[in-house]
> 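Here it is: the structure, laid out below.
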Amino acid sequence: MSDTTKQDALLRVDNLVKHFPIRGGLFKQVKAHVRAVDHVSFEIERGKVLGIVGESGCGKTTLGRTMLRLTPPTDGKVYFKDIDVFAQNKEEMHKLRTKMQIIFQDPYSSLNPRLPVSEIIGEALMQHKLVENKTEMMDRVMDIIEKCGLFPEQAFRYPHQFSGGQRQRICIARALVLNPEFVVCDETVSALDVSIQSQIINLLKEMQEELGLTYLFISHDLSVIRFISDQVGVMYLGEIVEYGDKKQIFDTPRHPYTEALLSAAPSFDFEKIRTHKRIILAGDIPSPVNPPSGCRFHTRCPYAQPLCAEEVPEDTVVEPGHRVRCHIASGKITVNR
């Protein structure tokens, strides 16, 4: 990572690892580990959106939660500006929470059903002592509710009285009321209807431009990632196998897994559909408890050669800002695509 990149980055992730122990037996000894996130590195520039895409179970959500220390890391570093997130004590981390927020995948389960919306959104303001009294809290709450497309009278209703899209707006308001600089959007629109998805995505874009936010946007929907992201990271079995600018990833994918994902994306271009060749991956996704040796994708890769099962590929920079973890990209094996 260059010094210039480090200076421009609001958030840097260096070799982040998260393994979950599997316990068994009489004394609950550790028998194995689920390798959810394995040696992941990237950086996000201020005011930009990094999209993380991959199949279900590849470690996207664990990555986002571990970065915010909602899940304790196994190894690695996360830097917010120049602050080592994992080195902060409880009091320091409490202060840092105002700058780093998350919007969860399921809006209903992340809202307290016993509290009205005004208290759900304003609770953190009181906890972090960002307001002096409830009157000031309500002023801030009403302001962010309006910005997120809700009406003032809805502030006194309860979560069960809202639709899915409205609940997600409440979650967005709760995250943004603290004036954060970095927000993790974890499958924010995956459970919503298509028409509501577009409203929420447009809201997030508007808030980003108005407040200067930086996003990590997690999704399995390539069309959403293409619309909202500036850079894209493609995850497979706990690793980022390809990382680069949106145009690089979508126009000239270099990793076979990225190619397969893009070939599966639906399209309304009938000429493209007619001439398009769909890549069908063989086999099932391997278990993160016992990932394949060598390249983790080799058991499903249409271009796999013996070296792929023997040697772990390293990140290869194929062009500025575009890196790929594959023996094809490094030139160690050649294929006819």
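All heavy atoms count here, side chains included; hydrogens, waters and symmetry mates do not.
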> Start with the C-alpha gap between E206 and K147, add the side-chain angles, then the distance that decides, and say whether salt bridge (charged side-chain N to carboxylate O under 4.0 Å, His left out) holds.
CA-CA 9 Å; E206 290 170 10; K147 286 181 178 178; over 6 Å; no

> In Å and rounded to the nearest 0.5 Å, what is the CG to CD1 distance from L176 to I144?
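Going from CG on L176 over to CD1 on I144, the span is 5.0 Å.
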
> Please answer: with hydrophobic residues joined when any side-chain heavy atoms are less than 4.5 Å apart, are F250 and V234 in the same cluster?
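Yes: a chain of side-chain contacts under 4.5 Å links F250 to V234.
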
> Taking all heavy atoms of K60 and all of G54, pick out the closest pair and write down the distance.
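Result for this residue pair: NZ-O, 3.1 Å.
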
> Is it the case that over 12 heavy atoms from other parts of the model lie below 6.0 angstrom from the CG atom of D284?
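Result for CG/D284: open.
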
> Between Q208 and V183, is there a side-chain heavy-atom distance shorter than 4.5 Å?
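Not touching, per the 4.5 Å side-chain cut-off.
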
> Carefully, step by step, assess H19 and D38 under the rule side-chain hydrogen bond (donor to acceptor under 3.5 Å, both in side chains).
CA-CA 8 Å; H19 294 172; D38 243 358; 2.6 Å; yes

> Counting distance only, does the side-chain N/O of K28 pair as donor-acceptor with the main-chain N or O of R23 below 3.5 Å?
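No: the side chain of K28 does not pair with the backbone of R23.
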
> Under a 3.5 Å cutoff, is there a donor and acceptor pairing between the side chains of D186 and T61?
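The answer is yes; a qualifying pair exists.
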
> Any link between F86 and I83 through a network of hydrophobic side chains (Ile, Leu, Val, Met, Phe, Trp, Tyr) touching at under 4.5 Å?
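Result: yes, single cluster for both.
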
> Let me check something: do V324 and L307 share a hydrophobic cluster, defined by ILVMFWY side-chain heavy atoms less than 4.5 Å apart, either directly or through other members?
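Per the 4.5 Å side-chain linkage, V324 and L307 are not co-clustered.
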
> Would you please test R46 and E181 for side chain to side chain contact (heavy atoms under 4.5 Å, CB included) and show each step?
CA-CA 8 Å; R46 183 184 296 276; E181 296 181 51; 3.0 Å; yes

> Taking the basic N atoms (NZ, or NE/NH1/NH2) and the acidic carboxylate oxygens, is any pair closer than 4.0 Å for R174 and E123?
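No, this pair does not count.
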
> So, does N112 use its side chain to make a donor-acceptor pair with the main chain of R114 at under 3.5 Å?
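Side chain of N112 to backbone of R114: a pair is present.
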
> For Q105 and E187, indicate whether the former's side chain and the latter's backbone hold a donor-acceptor pair under 3.5 Å.
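Checking the backbone N and O of E187 against the side chain of Q105, no donor-acceptor pair under 3.5 Å is found.
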
> For G165 versus L192, what's the shortest heavy-atom pair and its separation?
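Closest approach of G165 to L192, heavy atoms only: N-CD2, 3.9 Å.
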
> Pairing donors with acceptors under 3.5 angstrom, does anything connect the side chains of Q88 and R69?
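Q88 vs R69: no donor-acceptor pair found between side chains.
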
> Does the side chain of V40 reach to within under 4.5 Å of the side chain of N15, using non-hydrogen atoms?
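No, too far: nothing below the 4.5 Å cut-off.
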
> Is E242 close to Y257 at the side-chain level, that is, under 4.5 Å between some pair of heavy atoms?
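Result no, sub-4.5 Å side-chain heavy-atom pair not found.
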
> Do you see a donor-acceptor pair shorter than 3.5 Å between the side chains of S223 and D221?
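Side chains of S223 and D221: pair found under 3.5 Å.
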
> Do side-chain atoms of N133 reach the backbone of E136 as a donor and acceptor pair under 3.5 angstrom?
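Yes; at least one donor-acceptor contact below 3.5 Å.
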
> So which atom in I120 and which in P159 form the shortest heavy-atom distance, rounded to 0.1 Å?
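So the minimum-distance heavy-atom pair works out to CD1-CG, 3.7 Å.
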
> Closest heavy-atom contact between P73 and K18?
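That would be CA-CD, 4.3 Å.
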
> Kindly compute the distance separating OG1 (T98) from NE2 (H128), expressed to the nearest 0.5 Å.
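The OG1 atom of T98 sits 6.5 Å away from the NE2 atom of H128.
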
> Atom CD1 in I121, atom CZ in R140: separation rounded to 0.5 Å?
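So the CD1 of I121 and the CZ of R140 are separated by 12.0 Å.
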
> Would you say the side-chain atoms of R167 pair up with the backbone N or O of L111, donor to acceptor, closer than 3.5 Å?
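Absent.
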
> Quick check: does any side chain N or O of K332 sit under 3.5 Å from a backbone N or O of C308, one acting as donor and the other as acceptor?
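No; zero donor-acceptor contacts below 3.5 Å.
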
> Report yes or no: does E146 contribute a side-chain atom to a donor-acceptor pair with the main-chain N or O of D143 at less than 3.5 Å?
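Not confirmed, E146 side chain does not pair with D143 backbone.
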
> Using side-chain heavy atoms (C-beta onward) and a distance below 4.5 Å, is L63 in contact with M67?
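Yes. Closest side-chain heavy atoms under 4.5 Å.
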
> Just how far is it from atom NZ of K48 to atom NZ of K246, taken to the nearest 0.5 Å?
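The NZ atom of K48 sits 10.0 Å away from the NZ atom of K246.
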
> Q199 and R169: side chain to side chain contact (heavy atoms under 4.5 Å, CB included), yes or no, with the steps?
CA-CA 10 Å; Q199 294 176 19; R169 289 175 185 270; 3.2 Å; yes

> State, with a plain yes or no, whether a side-chain heavy atom of R254 is found less than 4.5 Å away from one of Q248.
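Not touching, per the 4.5 Å side-chain cut-off.
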
> Please check if the side chain of S293 supplies one atom and the backbone of A309 the other of a donor-acceptor pair under 3.5 Å.
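At least one qualifying donor-acceptor pair exists.
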
> Which heavy atom of S110 sits nearest to which heavy atom of C171, and what is that distance?
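Distance-wise, the nearest heavy atoms are OG-SG, 3.6 Å.
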
> Answer yes or no: are there more than 12 heavy-atom neighbours, outside E132 itself, under 6.0 Å from its atom CD?
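Open.
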
> Please examine the side chains of Y243 and E43, heavy atoms only from C-beta on, and report whether any two atoms are closer than 4.5 Å.
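In short, these two side chains touch, coming nearer than 4.5 Å.
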
> Between the side chain of E239 and the main-chain N/O of Y236, is any donor-acceptor distance below 3.5 Å?
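Pair absent, no side-chain N/O of E239 close to backbone of Y236.
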
> Does CD belonging to E92 count more than 12 external heavy atoms closer than 6.0 Å?
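Atom CD in E92 is packed in, count exceeds 12.
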
> Indicate if I200 and F151 have the same hydrophobic cluster label, given that clusters are the connected sets of ILVMFWY residues with side-chain heavy-atom separations under 4.5 angstrom.
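No; F151 is not reachable from I200 via cluster members.
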
> Side chain to side chain contact (heavy atoms under 4.5 Å, CB included) between M126 and M137: does it pass, once the steps are laid out?
CA-CA 7 Å; M126 301 295 286; M137 181 198 83; 3.6 Å; yes

> Less than 4.5 Å apart, any side-chain heavy atom of M142 and any of M138?
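Yes; the side chains approach each other to less than 4.5 Å.
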
> Checking R97 against E91 for the salt bridge (charged side-chain N to carboxylate O under 4.0 Å, His left out) test, could you report, in this order, the C-alpha distance in whole Å, the side-chain angles of both residues, the deciding distance, and whether it holds?
CA-CA 10 Å; R97 293 283 179 211; E91 183 179 344; over 6 Å; no

> Within this structure, what is the OG1-NE2 distance for the pair T74 and H39, rounded to the nearest 0.5 Å?
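Going from OG1 on T74 over to NE2 on H39, the span is 10.0 Å.
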
> Taking M235 as the starting point, is it possible to reach V34 by hopping between hydrophobic residues whose side chains are less than 4.5 Å apart?
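No; tracing contacts between hydrophobic side chains, which count when under 4.5 Å, never links both residues.
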
> For residues F297 and H255, establish whether the separation of their ring centroids is below 6.0 Å.
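Between F297 and H255, the centre distance is under 6.0 Å.
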
> Donor-acceptor pair, distance only, cut-off 3.5 Å: does the side chain of D84 make one with the backbone of Y79?
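No, because the side chain of D84 does not come within donor-acceptor range (under 3.5 Å) of the backbone of Y79.
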
> Looking at every heavy atom in both G64 and L216, which two are closest together, and how far apart are they?
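So the minimum-distance heavy-atom pair works out to CA-CD2, 4.1 Å.
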
> Going by an N to O cut-off under 4.0 Å, is there a salt bridge joining R226 and D251?
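The answer is yes: the pair qualifies as a salt bridge.
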
> Please examine the side chains of L178 and L130, heavy atoms only from C-beta on, and report whether any two atoms are closer than 4.5 Å.
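They are in contact (side-chain heavy atoms under 4.5 Å apart), so the answer is yes.
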
> Applying side chain to side chain contact (heavy atoms under 4.5 Å, CB included) to L96 and F80, what does each step give before you reach the verdict?
CA-CA 9 Å; L96 195 58; F80 177 76; 3.8 Å; yes

> What's the separation between atom CG in L50 and atom SG in C185, rounded to the nearest 0.5 Å?
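Atom-to-atom, L50:CG and C185:SG are 11.5 Å apart.
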
